[in-house]
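Notes follow the structure.
One-based numbering along the sequence shown.
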Amino acid sequence: MKTNTQFHGNIPPHLIGKHLREIVKTETSHFKILTGYGSTSGQSLSKNAAISSLSKMVKEGLIEGFLPGEAKTKLYPSTSIITQMKFQFESVIKTDVDYGNEGIIFIFIHKAKK
C-alpha cells in the first residue's frame with residue numbers, strides 16, 4: 001500500500017484537507033498517510049487536521065472511509081465513526097506492518113470513483 005509522507009510536518013495543517021483531496025482524485029483503491037505522532041502535548045496538529053478533513057470527505061461521499069493506525073489497539077465508543085470504519089476495513093489492513101502505528105492513517109477511496 002502506498003504511503004504519502006508529506007503530511008508529517010511538510011504541509012501546514014490548514015492546507016492538509018486541500019492536499020488530501022488532490023490525492024484522492026488520483027488514487028483508485030486505498031493508501032496511507034504518515035502524520036505526526038504527537039507533540040509533547042500528545043496532540044499532532046497534522047493528524048487532527050487530517051482526521052477532520054477525512055471525516056468531512058466521508059460525509060461528502062468523496063472517500064469510502066479512513067482508519068487511524070492506533071485503532072488496532074485503542075477502544076472507541078460503539079457510536080464512533082472510527083469503530084464503524086474498523087468494522088468495515090480492518091480485514092483489508094490487518095496484516096499491514098503499519099496497522100497499530102499512531103502516525104499512520106489508512107484511507108479508502110469510494111468504490112464508485114474512477
Side-chain angles (χ1 to χ4, degrees):
M1 184 182 298
K2 181 179 176 182
T3 303
N4 292 279
T5 60
Q6 71 267 32
F7 295 93
H8 185 51
N10 295 328
I11 299 173
H14 72 280
L15 295 177
I16 284 178
K18 178 181 177 184
H19 284 274
L20 281 170
R21 288 172 185 271
E22 290 171 6
I23 292 171
V24 165
K25 289 178 186 175
T26 63
E27 293 293 330
T28 58
S29 179
H30 49 273
F31 64 97
K32 51 189 169 180
I33 62 171
L34 173 65
T35 63
Y37 295 93
S39 63
T40 54
S41 68
Q43 294 292 321
S44 165
L45 295 178
S46 60
K47 183 175 183 174
N48 290 343
I51 288 176
S52 176
S53 180
L54 291 167
S55 294
K56 289 176 187 174
M57 291 168 72
V58 167
K59 290 177 185 172
E60 294 169 8
L62 295 176
I63 62 172
E64 192 174 352
F66 67 94
L67 192 61
E70 69 270 14
K72 180 178 183 177
T73 56
K74 186 175 177 183
L75 294 176
Y76 294 90
S78 61
T79 57
S80 167
I81 189 171
I82 303 299
T83 301
Q84 296 166 14
M85 297 293 154
K86 183 175 180 178
F87 179 76
Q88 188 173 357
F89 298 112
E90 187 172 48
S91 63
V92 176
I93 61 169
K94 67 181 175 186
T95 59
D96 190 293
V97 296
D98 285 321
Y99 189 40
N101 182 333
E102 291 181 20
I104 294 289
I105 301 174
F106 297 87
I107 301 165
F108 305 92
I109 304 302
H110 197 275
K111 289 179 183 175
K113 184 170 178 52
K114 296 286 180 194

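- Side-chain contact between V24 and F31: present, with at least one pair of heavy atoms (C-beta onward) separated by less than 4.5 Å.
- A heavy-atom distance below 4.5 Å is found between the side chains of L20 and I33.
- Put simply, NZ on K47 and CD1 on I104 are 9.5 Å apart, with the number rounded to the nearest 0.5 Å.
- Rounding to the nearest 0.5 Å places OG1 of T3 at 7.0 Å from CG of D96.
- Of the candidates K86, K72, M1, I93 forms a side chain to side chain contact (heavy atoms under 4.5 Å, CB included) with just one, namely M1.
- The closest donor-acceptor contact from the side chain of S46 to the backbone of P13 lies at 3.5 Å or more, if one exists at all.
- With a 4.5 Å cut-off on side-chain heavy atoms, E70 and Y76 count as touching.
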Report task. Under the side-chain contact (heavy atoms from CB on, under 4.5 Å) rule, what do F106 and M85 come out as? Steps first, then yes or no, please. Result -> CA-CA 10 Å; F106 297 87; M85 297 293 154; over 6 Å; no
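- Going from atom CD1 of I16 over to atom CD of Q6 covers 9.5 Å, rounded to the nearest 0.5 Å.
- At a threshold of 4.5 Å between side-chain heavy atoms, the hydrophobic network of Ile, Leu, Val, Met, Phe, Trp and Tyr places I107 and L15 in one connected group.
- Distance check: E27 CD to F108 CZ gives 12.5 Å after rounding to the nearest 0.5 Å.
- Residues N4 and L34 form no side-chain contact, since every pair of their non-hydrogen atoms from C-beta on lies 4.5 Å or further apart.
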Requested in this report: Please lay out, stage by stage, how I105 and L67 fare under the test side-chain contact (heavy atoms from CB on, under 4.5 Å).
Outcome: CA-CA 6 Å; I105 301 174; L67 192 61; over 6 Å; no
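- A single hydrophobic cluster is not seen to contain both Y99 and F87; linkage of ILVMFWY side chains at heavy-atom distances under 4.5 Å, directly or through other members, places them apart.
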For residues 49-62, tabulate all N or O donor-acceptor pairs below 3.5 Å that involve a side-chain atom, not counting sequence neighbours.
from: S55; atom 1: OG; to: I51; atom 2: O; distance (Å): 3.0
from: E60; atom 1: OE1; to: R21; atom 2: NH1; distance (Å): 2.9
from: E60; atom 1: OE1; to: R21; atom 2: NH2; distance (Å): 3.0
from: E60; atom 1: OE2; to: R21; atom 2: NH2; distance (Å): 3.2

